[in-house]
Participant: 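After the structure tokens below, expect a handful of questions from me.
None of these values were measured; they are calculated from a predicted model. Numbering of ligands and ligand atoms starts at 1, following listing order.
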Amino acid sequence: MLIAGQLLLADQGNCRIAPGMVRIADDSVVEVIVGDCSPRADIGGPDCLIAPGFIDTHLHLPQFDAIGAQGLSLLDWLELVIFPAETRWEIPQFAAEMTGRAIRQCLRHGTTGFCAYATVHQAATEQALRVAQDAQIRGVIGQVLMDREAPAALCRSASQLIAETAELLDRFPPGGRIAAAVTPRFAISCSEELLNQAGQLADQRGAMVQTHLAENVAECERVRELFGGRSYVELYREAGLLGPRTLLGHGIHLDDTDRRQLAASQARIAHCPIANTFLHSGTMNRHLLRGAGVGITLGSDIGAGYELSMIRVARGMIEAAVSLGDPPPTAWQAWYAITAGNADQLGWSDAGRLVEGAVADLLVIRPDIPWTDGPVDPLSRLLFSWDDRWLTEVFLRGRRVY
Ligand SMILES: [Zn+2]
């Protein structure tokens with residue numbers, strides 16, 4: 001199949017567009033032809049943008065029905081809204097149905113890969129993994145680890161949680177199109193024993209680690225109370241949870257020492273600007289983190305985040321930088337961040353780019369505005385004028401799914 005249009009091409013931290021065609025066969029991109037946007041293509045045309053699928057590096061599948069609970073800060077929001085929502089995943093069939101729905105919503109917004117949290121329930125997490133595998137979306141889903149500071153119905157012993165996560169890693173091993181992940185919710189809800197065992201398990205299995213870090217001031221204070229005044233970053237480091245396969249949601253309330261330790265560990269921060277605004281958590285300082293050498297990805301953080309569209313999350317990243325008075329990322333860098341940038345940070349070498357050999361997870365976007373030759377840079381024009389209805393086709397592994 002030949003898809004023609006303006007190709008979104010990744011170029012050293014930026015994106016650019018060039019007319020051309022992408023040939024897909026089976027599940028892969030087998031040829032990228034730059035310069036020729038011929039009418040013999042099966043799909044597309046000169047006014048279409050052909051982009052790699054977007055990647056969302058932080059979302060919570062059981063929270064899709066809890067989006068929009070306004071007026072609460074993190075710890076109250078968890079207690080009053082999120083823990084009740086996650087309790088509903090006691091019923092594995094409900095988790096399966098909800099995951100299917102969440103994946104359809106992601107695809108409809110162009111997200112073809114994600115890093116997701118499930119709940120503490122092993123059976124529900126396994127259902128979510130199976131549904132995601134059947135849907136052929138790419139990513140990781142982790143059973144959430146909590147052994148304290150949450151309702152009893154959502155706590156398990158450390159040994160049970162580690163054994164269950166190990167079973168999920170057997171069934172959905174790291175490196176697969178869909179893989180399990182080691183996912184302690186955050187330090188507050190985990191005993192030191194659980195954090196340590198989680199770190200060991202991730203290391204033994206080469207698994208990805210997802211957790212939250214320094215999202216909210218009250219959260220950071222509670223962590224200091226619970227762990228004898230130790231720093232949040234140091235605590236994770238001592239538990240063996242920081243490394244190149246670690247993705248830390250938020251990372252807002254950090255100091256220079258934290259940033260240096262994070263950079264040295266090669267752990268990444270998943271920046272979730274929409275969620276941070278929604279819960280009044282603060283604003284992540286992208287400029288300082290990048291300056292210290294910390295890798296940053298972008299995520300929606302559904303359901304604290306309310307934007308499924310990674311385009312709008314990327315705009316949130318720009319707005320967050322502006323609000324701090326920092327040099328904001330450009331539109332080209334924003335497009336890069338939600339495609340090749342996120343893929344690179346996750347080590348997904350065959351995703352996020354229109355290149356030969358990439359998996360054919362891609363999007364056909366048909367803007368109904370003149371965008372290729374106006375007074376504004378085309379990628380900036382599309383980013384800031386974005387209309388979800390422009391996204392007309394989504395391909396997963398070369399198969400049209402939307
Ligand atoms: Zn989160």
Participant: Measure from the Zn ion (ligand 1) to each N, O or S atom of His250 and report whether any distance is below 2.8 Å.
Facilitator: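 No - counting backbone and side chain alike, His250 has no N, O or S atom under 2.8 Å.
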Participant: Under 2.8 Å from the Zn ion (ligand 1), is there any N, O or S atom belonging to His212?
Facilitator: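 Checking His212: at least one N, O or S atom is under 2.8 Å.
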Participant: From the Zn ion (ligand 1) out to just under 2.8 Å, does an N/O/S atom of Glu215 turn up?
Facilitator: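 False for Glu215.
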Participant: Is a salt bridge present between Asp350 and Arg138, judged by a nitrogen-to-oxygen distance below 4.0 Å?
Facilitator: yes
Participant: Can you list the steps and then say if Gln204 with Gln200 is a side-chain hydrogen bond (donor to acceptor under 3.5 Å, both in side chains)?
Facilitator: CA-CA 6 Å; Gln204 284 160 8; Gln200 282 164 21; 5.0 Å; no
Participant: When you check the side-chain N and O atoms of Asp301 and His250, is any donor under 3.5 Å from an acceptor?
Facilitator: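 Yes, side-chain donor-acceptor contact under 3.5 Å.
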Participant: With the Zn ion (ligand 1) as the point of reference, which N/O/S atom of Asp301 is the closest?
Facilitator: OD1
Participant: Assess the pair His121 and Phe94: is the distance between their ring centroids shorter than 6.0 Å?
Facilitator: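 No, too far apart.
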